[in-house]
Structure formats: structure tokens, C-alpha cells
Amino acid sequence: MSKTKSALGGRLSDMDLRLLRVFREVVRAGGLAAAEVSLNIGRSTISVHISDLETRLAMQLCLRSRGRADFKLTPEGEALYQAILELDGHLDTFRGQVNAIQSQLTGTLRLVMPDDVLEIPQLDLPATIARLRGQAPQLHLEVQLAAPQELELEILAGRADVGINPLHSHRPGLKYQPLFQHQSMLYCGANHPCAKPGQISEELLTQQELAAPSHAVLSGAAHLYRLFPNRSTANHMAARLAMILSGCFIGFLPEYLAHNYVETNQLIPLLPEKFHYNIQNAATFNRSAAEHPAIKLFLEALLIRE
């Protein structure tokens, strides 16, 4: 008697829950062999799990014969199965309560994004916002655009909660969740002297004025930027794109942003085998706010395309 009373004393372990799940599926299927498909494990393994559960509970749960498909629950097994169904009901209720809590999230979630966010092929921000609003309809959203260095400062200063930006550096106090990569290449406008047909040398290119970001560039791209001593700067991608399209500057742009302009011959790639680099993009938020329900919900709602 004392052995039975202490069989499940204390907390249920993950292994206990796994064994109970195996037993539930065996009963539903009507036998060990029939449960192989739903559990995706072999009959011998299922048999071991049932034996482990019986040992754990100190009671016989079912009658089964070696080499035959016979399977019958003992009275204890029948009572345990009913208790598992009741536990499943409690878990369903718990999940419903959690969903209700999410849908009742209130307050404000402040998002900060790059100014070319709608051009990024891997990120579907409209669908992400729709999913977020569907799960938390009472959550107020504030969305702003910022350059990478501005984005991180907004989060550090507490003026924004979470953003998506190129991963330039790891600032103390911020947490970064990698999302996707893109490639940047060197371009000039159709009216730039380097756009003329003919062989372009690296020496000629590095003599041109570069439309550069006003913030620090990726460490993996710094060696390329150092090749251009003559620079003008702009803090946003859209401004650098306009400078390059003017025909007065050359500059690095994400390949996805330049694509349509290349297709219409408004932008010309320049020595792409030499002048290119990859950028890792990440969701960025304050490390101390990593468990904030609204931030966690946004990260779960993020829709990233392959």
C-alpha cells in the first residue's frame, strides 16, 4: 500500500508525461502494434514504455500475450486511462486560458524598422502585423522607421521595444535573434561615367565618390569601404539610393532593393565578383525585456520567408 501511495509522489516528470502519452495512444489504438503508427516507434519500444509505466505506478495496467495481438485493460488501467482523459481536458482548458491572456494583451508595442522594410523579400511585415493583431487585438502598435544605429539607440533609450535591422555589432544590454541574410553589391546610376560600356578597373572605381552610410559599417564590409576615400553620407537607405540614382555617386545597396532598378537599367552593378558582402539581419530588443509578453508574441508572429 505504501508503495502505491508514493508511486507518483512529488511532481510529474517529463518522462512520466511521455509514458502516460504512450499508454493513452495504445488504449486509443486498441493495442501495441496498432499504436506504432501514431507514436512512430516500434512495438518493442512501446512495450518497454508500458512496462516502465507499470513499474513507476506499481500496478498492472493491461494484459498482453507475447507473440499475440491480445490487449485488455485491467481495472487499474481503465481508471488510469480515464484520469489521463481528464488531464487532457485540463490541459485544453489551460491552453485556452493562455490564448485568452494573449488576446487580452493591452498597452503599446513599439516597433522600429529599416526604411526599406517592405522591399525585404524574406520579411513579410504586413502578414506579421496581421497575425499579431489577430492574436492580441487590444494591443496598440506604434511603428517607426530608423537607420540601424538609430534603431538600436531607440531601443536602448526605451523609446522602442523591438526592431529588425542589419546586425552591425553587439551592443551591451541588447539581445539579437538572427533571422535571415541578404547580399549588398556596388552600383552606379545609368548616367554615371562608370556605367559606360567597357572594362572598368578597380582603380577607377575607388576614385569615385561613394554614397556611404553615416553610421559604422559591418566589420565584414569595412575593408571594402576603406577603398573609397572620397565619400558623402546619408543616414537612410532610401537617401543613398537617391544619391546613386542621381548619377553623381556610386554606392553599396542590398541586392533586393536594387533589383527592379537593375531590371529597368537605372542601376548598373559594378565588379560584383569583388565588391559585395553579406549582411545578417536580426530581431533586436532589450535583454531585460526578453520575457515581455508583447515582445515574445511579436517574435512568434514574425513571418520569415525562405
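This structure is a prediction, so every number in the text was calculated from the model and none was measured.
Residue Thr233 comes nearest to Pro213 through the heavy atom pair CG2-O, 4.0 Å, listed as atom of the first residue, atom of the second, then distance. Contact between His192 and Gly247 at its shortest, heavy atoms only, is CD2-O, 3.2 Å. Closest approach of Leu53 and Leu19 over heavy atoms only: CD2-O, 3.8 Å. Annotation for Gly251 and Ile244: closest pair CA-CD1, 3.5 Å, computed over non-hydrogen atoms. Between Ala146 and Leu151, the closest heavy-atom pair is CB-N, 3.9 Å. In terms of heavy atoms, Pro121 sits closest to Arg305 at O-NH1, 2.6 Å.
You'll find the side chain of His49 reaches within 4.5 Å of the side chain of Ile41, heavy atoms only. Between Leu267 and Leu241 there is a side-chain heavy-atom pair separated by less than 4.5 Å. Using a 4.5 Å cut-off on side-chain heavy atoms (C-beta onward), Met237 and Pro254 make contact. A heavy-atom distance below 4.5 Å is found between the side chains of Glu202 and Lys274. Contact check for Thr284 versus Lys175: no side-chain heavy atoms found under the 4.5 Å cut-off. Considering only heavy atoms from C-beta on, Ser232 comes within 4.5 Å of Glu209 through its side chain. Between Asp16 and Arg56 there is a side-chain heavy-atom pair separated by less than 4.5 Å.
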Notebook entry, point to check: Given Leu145 and Val112, is the side chain to side chain contact (heavy atoms under 4.5 Å, CB included) satisfied, shown in steps?
Noted result: CA-CA 6 Å; Leu145 304 180; Val112 56; over 6 Å; no
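Here Phe298 and Phe285 keep their ring centres 6.0 angstrom or further from each other.
The distance from atom OH of Tyr187 to atom CG of Leu257, rounded to the nearest 0.5 Å, is 8.5 Å. Going from atom CG of Leu123 over to atom CD1 of Ile164 covers 4.5 Å, rounded to the nearest 0.5 Å.
Taking 4.0 Å as the cut-off between side-chain N and carboxylate O, Lys296 and Glu291 count as a salt-bridged pair.
If you check the side chains of Gln82 and Glu78, you find a donor sitting under 3.5 Å from an acceptor. Using modelled atom types, one finds a donor on one side chain and an acceptor on the other under 3.5 Å when comparing Tyr176 with Glu152. Side-chain contact of Asn235 with Glu150: a donor-acceptor pair under 3.5 Å is present, judged by distance alone. A donor-acceptor pair shorter than 3.5 Å can be found between the side chains of Asn281 and His182. With no hydrogens or angles considered, no side-chain donor-acceptor pair links Gln60 and Glu54 at under 3.5 Å. Of the N and O atoms on the side chains of Thr264 and Gln266, at least one donor lies less than 3.5 Å from an acceptor on the other residue.
Arg159 is linked by a salt bridge (charged side-chain N to carboxylate O under 4.0 Å, His left out) to Glu154, counting only residues two or more places apart in sequence or in another chain. When the side-chain contact (heavy atoms from CB on, under 4.5 Å) test is applied to Thr108, the partners found at least two apart in sequence or on another chain are Arg110, His140, Glu142. Under the salt bridge (charged side-chain N to carboxylate O under 4.0 Å, His left out) criterion, Glu119 pairs with no residue at all, not counting sequence neighbours. For Ser51, the side-chain hydrogen bond (donor to acceptor under 3.5 Å, both in side chains) partners at least two apart in sequence or on another chain are Arg64. Partners of Phe180 under the ring pair (Phe, Tyr, Trp, His ring centres under 6.0 Å) rule, at least two apart in sequence or in another chain, do not exist in this structure. Shown here are the side-chain contact (heavy atoms from CB on, under 4.5 Å) partners of His259, two or more places apart in sequence or in another chain: Glu263. Evaluation of the ring pair (Phe, Tyr, Trp, His ring centres under 6.0 Å) rule for His236 yields no partner, not counting sequence neighbours. By the ring pair (Phe, Tyr, Trp, His ring centres under 6.0 Å) test, Tyr261 is found to be paired with no residue, residues two or more places apart in sequence or in another chain being considered. Taking Glu36 as the reference, nothing meets the salt bridge (charged side-chain N to carboxylate O under 4.0 Å, His left out) condition, with sequence neighbours excluded. With sequence neighbours left out, Leu270 forms a side-chain contact (heavy atoms from CB on, under 4.5 Å) with Leu186, Cys188, Cys194, Ile200, Leu205, Ile250.
Heavy-atom contacts from other residues, nucleotides or ligands closer than 6.0 Å to CD of Glu273 number more than 12.
In the hydrophobic cluster analysis, where Ile, Leu, Val, Met, Phe, Trp and Tyr join through side-chain heavy atoms closer than 4.5 angstrom, Leu80 is grouped together with Met15. Clustering ILVMFWY residues whenever any of their side-chain heavy atoms sit less than 4.5 angstrom apart, transitively, puts Val48 in a cluster other than the one holding Leu17. Residues Ile155 and Leu153 do not share a hydrophobic cluster, clusters being chains of Ile/Leu/Val/Met/Phe/Trp/Tyr side chains in contact below 4.5 Å. In the hydrophobic cluster analysis, where Ile, Leu, Val, Met, Phe, Trp and Tyr join through side-chain heavy atoms closer than 4.5 angstrom, Ile120 is grouped together with Leu111. In the hydrophobic cluster analysis, where Ile, Leu, Val, Met, Phe, Trp and Tyr join through side-chain heavy atoms closer than 4.5 angstrom, Tyr256 is grouped apart from Ile268.
At least one donor-acceptor pair under 3.5 Å links the side chain of Gln208 to the backbone N or O of Leu204. Under a 3.5 Å cut-off, the side chain of Thr74 and the backbone N or O of Leu61 do form a donor-acceptor pair. Looking only at distances, a side-chain donor or acceptor of Arg240 sits under 3.5 Å from a matching main-chain atom of Ala234. Formation of a donor-acceptor pair under 3.5 Å by the Asp88 side chain with backbone atoms of Leu85 is not found in this model. Side-chain atoms of Ser184 do not come within 3.5 Å of backbone N or O of Tyr277 as any donor-acceptor pair.
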Would you mind writing out the side-chain donor-acceptor pairs for residues 125-134 within the sub-3.5 Å range, not counting sequence neighbours?
unit_1: Thr128; atom_1: OG1; unit_2: Asp124; atom_2: O; d: 2.8
unit_1: Thr128; atom_1: OG1; unit_2: Leu303; atom_2: N; d: 2.9
unit_1: Arg133; atom_1: NH2; unit_2: Leu139; atom_2: O; d: 2.9

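Using cut-offs of 30° and 60° for the angle between ring planes, the Phe252 and Tyr225 rings count as tilted. Under the 30°/60° scheme for interplanar angles, the aromatic rings of Phe23 and Tyr81 are found to stand perpendicular.
Hydrophobic cluster membership of Met243, counting Ile, Leu, Val, Met, Phe, Trp and Tyr whose side-chain heavy atoms lie under 4.5 Å apart directly or via other members: Phe249.
The residue from Val27, Val26, Ile50 that alone fulfils the side chain to side chain contact (heavy atoms under 4.5 Å, CB included) condition with Cys62 is Ile50.
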